[in-house]
There are 2 protein chains.
Amino acid sequence: MTAFGFHAHDHAHCISTTLHRAEAYCAAHGLKFTPIRRRALEILLAEHRALGAYDLLAELAKDGLGTAPPVAYRALDFLTKAGFAHKIEGLNAYIACAHLGADHSPAFLICTECKSVAEAETQATQGRLGETARAVGFRINRTVIEALGVCPNCQDQPCA
Amino acid sequence: MTAFGFHAHDHAHCISTTLHRAEAYCAAHGLKFTPIRRRALEILLAEHRALGAYDLLAELAKDGLGTAPPVAYRALDFLTKAGFAHKIEGLNAYIACAHLGADHSPAFLICTECKSVAEAETQATQGRLGETARAVGFRINRTVIEALGVCPNCQDQPCA
DNA sequence: ACCTGAAGTGTTATGATATAACAAAAAGGA
DNA sequence: TCCTTTTTGTTATATCATAACACTTCAGGT
């Protein structure tokens, strides 16, 4: 059990169902869910926190799945392109997608105390940014929306 | 002249007024607007584009203002803390603030073709992200809001 | 079964971004 | 002046990311 959207939940279940969904998605789209890629997703899913590429690599190395940086970056490249993971730009770190399957524009609430991350949905084309874009004729391809702050759990423990 | 919010404008004037505003702000707040810091802001202002720290350093070096990375990072640290510049997380690059003086939550429209950047204002606590944050009790300290896409100028020149 | 081409993997090296640490100099107040 | 704080100069190193190339694996066509 760990924070998910800052709430406790059945984490083992959450991991296994997501892995199965990823498997199904790959089968349906002709993508190869190789051992390295599968294990990388599993590692990211093990925490609802952003992991650095080298942290991921260290975990992969423990399983004998590779030791050089490209191993981790290739896996992350696959996972992010497939929509199974996202990069948190503000942290140079990576996190498993919480809404696997849907083609979406994620937004993140990142706790700077405990490093846990919650994923929210946004409609980038709505809101002030979308208005501004339309007003000046800017075409949006991708959005990076991240809020840094303090999650409810950490607010309850002010001096932890 | 270069793009500003993707529109042409009197750029020399824009640089000098912003520098003067920064000077006034520093005087009013007891901050030291040293030659390195002033020149760094001037360099960032010279383009409405995001510049890498090492690009900035190269420019500073031309003026004999330093050659080692900390020189650039210290200047950027000062400028960002003073609100004179922002970091574009999606590019690991830095840009002069277009709304100097106001304490604000900037949002950016970043053209991936010509690298020009427009700065918009947002109210982070409004919109979907703010709703979600309030709903789960998350306290937002800082937001990163960036849209990557194609500016109107580059849409007009599809095969440039 | 065989070839072939595309995708994936192993590995070395390097590039790009950023900071730690500490000494020297400058600025500003008591 | 003297002392403290801030800024600067410099070396070294940490951290994040990719280029390049050889080798392997696997699916599809014949």
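Numbers restart at 1 for each chain; the letters A, B, ... are given by sequence-line order, proteins then strands.
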Quiz item: How close or far is atom C1' of dC16(D) from atom CD of E89(B), stated in whole angstroms?
Solution: 13 Å

Self-check item: Euclidean distance, atom CG of residue L56(B) to atom C1' of dT17(C) [Å, nearest integer]
Solution: 13 Å

Quiz item: In whole angstrom, what separates D77(B)'s CG from dT19(C)'s C1'?
Solution: 11 Å

Could you list all N or O pairs between the protein and nucleotides 10-16 of chain C that sit under 3.5 Å apart?
from    : atom 1 : to     : atom 2 : distance (Å)
dG10(C) : N7     : R74(A) : NH1    : 2.9
dG10(C) : O6     : R74(A) : NH2    : 2.4
dT11(C) : O4     : R74(A) : NH2    : 3.3

Exercise. Considering just the side-chain nitrogens and oxygens of Y94(A), establish if one lies under 4.0 Å of OP1 or OP2 belonging to dA17(D).
Key: yes

Quiz item: Ion pair present between E42(B) and R39(B), side-chain N to carboxylate O less than 4.0 angstrom?
Solution: yes

Quiz item: Which atoms form the tightest heavy-atom contact between A72(A) and L60(A), and what is the distance?
Solution: CA-CD1, 4.4 Å

Self-check item: Rounded distance (Å) that lies between atom C1' of dA26(C) and atom CZ of R37(B)
Solution: 12 Å

Quiz item: So what is the end-to-end bend of the helix from dA1(C)-dT30(D) to dA30(C)-dT1(D), with 5 pairs used at each end and the value given to 10 degrees?
Solution: 30°

Self-check item: side-chain hydrogen bond (donor to acceptor under 3.5 Å, both in side chains) against D77(A), all qualifying residues, sequence neighbours excluded
Solution: K81(A)

Quiz item: Judged by atom type as modelled, is there a donor-acceptor pair below 3.5 Å linking the side chain of H11(A) to the main-chain atoms of L45(A)?
Solution: yes

Exercise. Kindly write out the residues that satisfy ring pair (Phe, Tyr, Trp, His ring centres under 6.0 Å) with F108(A), not counting sequence neighbours, or none if the list is empty.
Key: H86(A)

Quiz item: Which part of the nucleic acid, if any, lies within contact of F78(B), taking any heavy atom under 4.0 Å across all strands shown: a base, the sugar-phosphate backbone alone, or nothing?
Solution: nothing

Could you give the side-chain donor-acceptor pairs of residues 87-94 of chain A under 3.5 Å, partners two or more places apart or in another chain?
none

Practice problem: Round to a whole Å and report the spacing from CG of L31(A) to C1' of dA27(D). | Solution: 15 Å

Quiz prompt | Residue pair F78(A), T34(A): steps toward the side-chain contact (heavy atoms from CB on, under 4.5 Å) verdict | solution = CA-CA 10 Å; F78(A) 173 85; T34(A) 65; over 6 Å; no

Quiz item: Do C26(A) and R37(A) have side chains that get closer than 4.5 Å, going by heavy atoms?
Solution: no

Quiz item: In whole angstrom, what separates L51(A)'s CG from dA17(D)'s P?
Solution: 12 Å

Practice problem: Indicate the atoms forming the closest heavy-atom contact of A40(A) with A75(A), along with that distance. | Solution: CB-CB, 3.9 Å

Self-check item: K87(A) vs dC16(D): side-chain N/O to OP1/OP2 distance below 4.0 Å
Solution: no

Identify each atom pair where a protein N or O and an N or O of nucleotides 27-30 of chain C are less than 3.5 Å apart, giving names and distance.
none

Exercise. Indicate the atoms forming the closest heavy-atom contact of P106(B) with E119(B), along with that distance.
Key: CB-OE2, 3.5 Å

Quiz prompt | Expected output: side-chain S116(B) to main-chain R49(B) donor-acceptor under 3.5 Å | solution = no

Quiz item: L44(B) versus L76(B): any side-chain heavy-atom pair under 4.5 Å?
Solution: yes

Practice problem: Rounded off to whole Å, could you give me the NZ-to-P distance for the K81(B) and dT7(D) pair? | Solution: 10 Å

Self-check item: Phosphate OP1/OP2 of dC16(D): any N92(B) side-chain N/O under 4.0 Å
Solution: no

Practice problem: Check the distance between dC16(D)'s P and L76(A)'s CG and give it to me in whole angstrom. | Solution: 12 Å

